[in-house]
Amino acid sequence: MIDIRSDTVTKPSAAMRQAMANAEVADDVLDGDPTVRRLEEHTAELLGSERALFFPTGTMANQAAIAALTRPGTEILVHDDAHIVNWEMAGAAALAGLQLRLVRGAPRMTEPTLRSAIRHPSVDAPRASLLCLENTHAGAGGMVTPLDELRALAAIGRSAGTRVFLDGARLWNASAATGTPLESFAAVADLTMVSYSKGLGAPVGAAVAGPAVLMDAVWEARKRLGGGMRQSGIIAAGALYGMQHNLERLEEDHAHARIFAEIVSAAPEASVVTPESNIVMIDLPERMPAESFAALAEQRGVKVSVWHASRVRAVMHLDVTRTQVEQAATVLRDLLS
Ligand SMILES: *Cc1c(COP(=O)(O)O)cnc(C)c1O
């Protein structure tokens, strides 16, 4: 079976498991875990931030960062197809007491759509406290927002009085695709989230990075959400291994995505979104609903994910070889021909 539903399906390699087994650990809530510290320091350095804090998941990291940057009863500006909107169980509303002001823009936020979402300040209207950006944008098929554009969006938010949060679960991919250093992207935001379990092959883990003055609030929010972890060096070691060994190879996944898209595009009825990173979105003809297409593909040994009724998604990752990528693409192409 070739599983390309997500870049989260990777399994820790033997060497990664060895690094995890050998990790030096201690109680991270009581006195700090040395492996977690190493991971946090390495991450902060790469992102050009003063500090980074380790989280079990990107979702918890997003929610803690959002809570740390806002006050209940205010609004966050967020794209209508953002991970924060689609997959986080309305956490910003349920946990941080925020109203979500959805910013349109197909497939992602643009300067005009952001401007038109910002309301005229009034004592009778909730204040916008935070702008949430996402790079690469998962819902848009791993689309990259170039640095200039990201800066322009952040500037619009700041001039409307918001702080800026960057959901960079796949910021590694944005950096690999553009050559823009991670720290340049992170410098746009007050806090940046990165994930170790997407692309880097670690079993779990994410981090929030930012200036020291904000990190006490992030720490507090993490503890409140139940994210104070004890001998977490065991999992941090997997993340550290992923950063040290799998960060440099991400362009390979992007090349695989381009090859995959090119093969599937040969089917006359397929409409394939040109990939900008490791994700390929395929829009299906009317006769072929996504559910049945995914089921047929699975019968032929390829797992893709159903994105919506007429779209499936394929994601390249370190556990698929070029040969498997070509095989999988050929299966999909034949189903569409
Ligand atoms: C996957 C993802 C998250 C959440 O990460 P989990 O570790 O799955 O909770 C957040 N934002 C984006 C853009 C993602 O793709």
Side-chain angles (χ1 to χ4, degrees), residues 4-12 39 43 52-67 69 76 78-92 94-96 100 103 105 107-109 130-145 150 153 164-177 182 185-186 188-189 191-209 218 221-222 225-227 229 232 235-236 238-239 242-243 250 253 257 275-281 305 307 313-317:
I4 44 175
R5 286 170 299 166
S6 173
D7 45 7
T8 56
V9 301
T10 56
K11 294 185 182 151
L39 173 67
T43 303
L53 198 62
F54 184 48
F55 279 80
T57 66
T59 299
M60 191 193 281
N62 275 354
Q63 293 303 324
I66 289 170
L69 291 171
I76 62 173
V78 57
H79 185 250
D80 61 8
D81 210 9
H83 193 281
I84 289 166
V85 176
N86 284 339
W87 307 108
E88 302 192 11
M89 313 311 280
L95 304 170
L100 272 57
V103 182
R108 62 176 166 80
M109 188 187 295
L130 183 68
L131 167 65
C132 298
L133 300 169
E134 185 176 315
N135 205 16
T136 64
H137 192 304
M143 209 174 253
V144 176
T145 305
L150 203 71
L153 292 168
V164 178
F165 171 61
L166 176 57
D167 176 349
R170 294 190 184 83
L171 196 63
W172 324 119
N173 298 88
S175 177
L182 288 162
F185 283 125
V188 171
L191 293 172
T192 299
M193 189 280 270
V194 288
S195 165
Y196 307 110
S197 57
K198 304 240 173 91
L200 302 187
V204 280
V208 172
V218 180
R222 184 184 70 172
L225 293 169
M229 297 176 286
S232 37
I235 50 175
M243 286 190 94
L250 284 176
D253 293 341
E276 294 185 358
S277 59
N278 64 329
I279 301 177
V280 185
M281 294 290 198
S305 60
W307 195 254
R313 180 183 84 159
V315 189
M316 306 303 128
H317 55 74

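Whatever order the structure lists ligands and atoms in, that order sets their numbers, starting from 1.
Checked against a 3.5 angstrom limit, the closest N/O atoms of Thr136 and ligand 1 fall outside it. Among the atoms of Glu134, none of the N or O lies under 3.5 angstrom from an N or O of ligand 1. In terms of polar-atom proximity, defined here as any N/O pair under 3.5 Å, Ala169 makes no such contact with ligand 1.
Distance OG/Ser175 to CG/Asn135: 10.0 Å, rounded to 0.5 Å. The distance from atom CE of Met143 to atom CZ of Arg170, rounded to the nearest 0.5 Å, is 14.0 Å.
Considering only non-hydrogen protein atoms, atom 15 (O) of ligand 1 sits nearest to Lys198 NZ, 2.7 Å. Protein heavy atom closest to atom 10 (C) of ligand 1, with residue, atom name and distance, is His83 ND1, 3.3 Å. Looking only at heavy atoms of the protein, atom 9 (O) of ligand 1 is closest to Thr59 OG1, 2.6 Å.
Arg170 counts as a contact of ligand 1, since one of its heavy atoms falls under 4.0 Å from the ligand. Residue Met60 places no heavy atom under 4.0 Å from ligand 1.
Near Gly58, meaning under 4.0 Å from one of its heavy atoms, ligand 1 places the atoms 4 (C), 5 (O), 6 (P), 7 (O), 9 (O).
Defined by atom type and a distance below 3.5 Å, a donor-acceptor pair is missing between the side-chain atoms of Glu134 and His79.
Side-chain contact check for Val204 versus Thr57: every heavy-atom pair is 4.5 Å or farther apart. Contact check for Leu153 versus Met109: side-chain heavy atoms found under the 4.5 Å cut-off. Side-chain atoms of Leu39 and Tyr196, non-hydrogen and from C-beta on, do get closer than 4.5 Å to each other.
Between the side chain of Ser305 and the backbone N or O of Trp307, no donor-acceptor pair lies under 3.5 Å.
Contacts with ligand 1 closer than 4.0 Å are made by no heavy atom of His137, backbone or side chain. Within the 4.0 Å heavy-atom criterion, the part of Asn62 lying near ligand 1 is the side chain and not the backbone. Residue contacts with ligand 1, taken as heavy atom pairs separated by less than 4.0 Å, involve Asp167 solely via side-chain atoms from C-beta onward.
Legend: residues meeting side-chain hydrogen bond (donor to acceptor under 3.5 Å, both in side chains) with Asn173, ordered by chain and number and at least two apart, are His254.
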